[in-house]
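Following: one structure in structure tokens, then a few remarks.
Worth knowing before you read on, the calculation uses all heavy atoms, side chains too, and leaves out hydrogens, waters and symmetry mates.
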Amino acid sequence: MGYSYDMQGERKPRVVLEEGLRKFKVISCEEMTSKAGNSMFLVGLEDVETQGYIDVYCIATPKKRWLLKSLLTSCGIEAGKDGIYNFDIPDLLEREVMGKVENSDEEWINREGETVVTKKSRITEFEEVE
């Protein structure tokens, strides 16, 4: 008897990164819909220094797209004269960007029913690599 697993969606575990501007490489990008029904992109970033992995949720719904716009701009994708950004997922992959990392406490309940507080890293904005 053999085993068969579809492991396409498997990712490295998230890590807590040092706060501040850090260089990342875009290693994945997937279009999805959020729990709230918003169109978004799940972007996987790898920290160039530590090879640590972090997911970033870039909302694509009007009036909530500021992080997506920041990512596109930092990848060298500019808006046309009409203000519209035209891109495809491969335009983002393997690009290096600077991400501003902020850490915050995240409270959750473990398997034993105990409340645990851990640090969680998130990206709050992107900049071009100079």
Separation of Glu94 CD from Ile27 CD1 (nearest 0.5 Å): 8.5 Å

Same apolar cluster (I L V M F W Y, side chains within < 4.5 Å links), Ile59/Ile89: no

CG-OG distance between Leu17 and Ser121, expressed to the nearest 0.5 angstrom: 4.5 Å

Heavy atoms of other groups near Gln51 CD, more than 12 under 6.0 Å: yes

For Ser74 against Phe126, the heavy-atom pair lying closest together: OG-CB, 3.5 Å

Over all atoms of both residues, closest heavy-atom pair of Leu92 and Val26: O-CB, 3.2 Å

Qualifying ring pair (Phe, Tyr, Trp, His ring centres under 6.0 Å) pairs, either residue in residues 14-39, two or more places apart: none

Ser70 side chain to Trp66 backbone, donor-acceptor under 3.5 Å: no

Members sharing Val129's hydrophobic cluster (side chains within less than 4.5 Å): Leu21, Met98

Closest approach of Arg22 to Asp47 (non-hydrogen atoms, all atoms of both residues): NE-OD1, 2.7 Å

Electrostatic pair Lys119-Asp105, nearest N-O below 4.0 angstrom: yes

Whether Asn103 side chain and Glu18 backbone form a donor-acceptor pair below 3.5 Å: no

Listed once per pair and sorted, the salt bridge (Lys or Arg N to Asp or Glu O under 4.0 Å) pairs that draw on residues 27-46, sequence neighbours left out: Arg11-Glu30, Lys12-Glu46

pair Leu93-Cys29: side-chain heavy atoms closer than 4.5 Å: yes

Heavy-atom closest contact (Tyr85 atom, Ile77 atom, distance): CE2-O, 3.4 Å

Cluster check Val101, Val56: I/L/V/M/F/W/Y, side chain < 4.5 angstrom: yes

Enclosure of Glu19 CD (heavy-atom neighbours >12, cutoff 6.0 Å): yes

Flag, side chain of Thr61 to backbone of Ser39, donor-acceptor distance under 3.5 Å: yes

Pairwise distance CG(Leu67) to CD(Glu125) - rounded to 0.5 angstrom: 9.0 Å

Tyr57 OH: over 12 foreign heavy atoms closer than 6.0 Å: no

Distance (rounded to the nearest 0.5 Å) between Leu42 CG and Met32 CE: 5.5 Å

Flag, side chain of Asn110 to backbone of Glu112, donor-acceptor distance under 3.5 Å: yes

Minimum heavy-atom distance between Val116 and Thr118, given as atom pair plus value: CG1-CG2, 3.9 Å

Linked, directly or transitively: Phe41 and Leu72 (ILVMFWY side chains, under 4.5 Å): yes

Where Ile123 and Leu45 come nearest, the two heavy atoms and their spacing: CG1-CD1, 4.2 Å

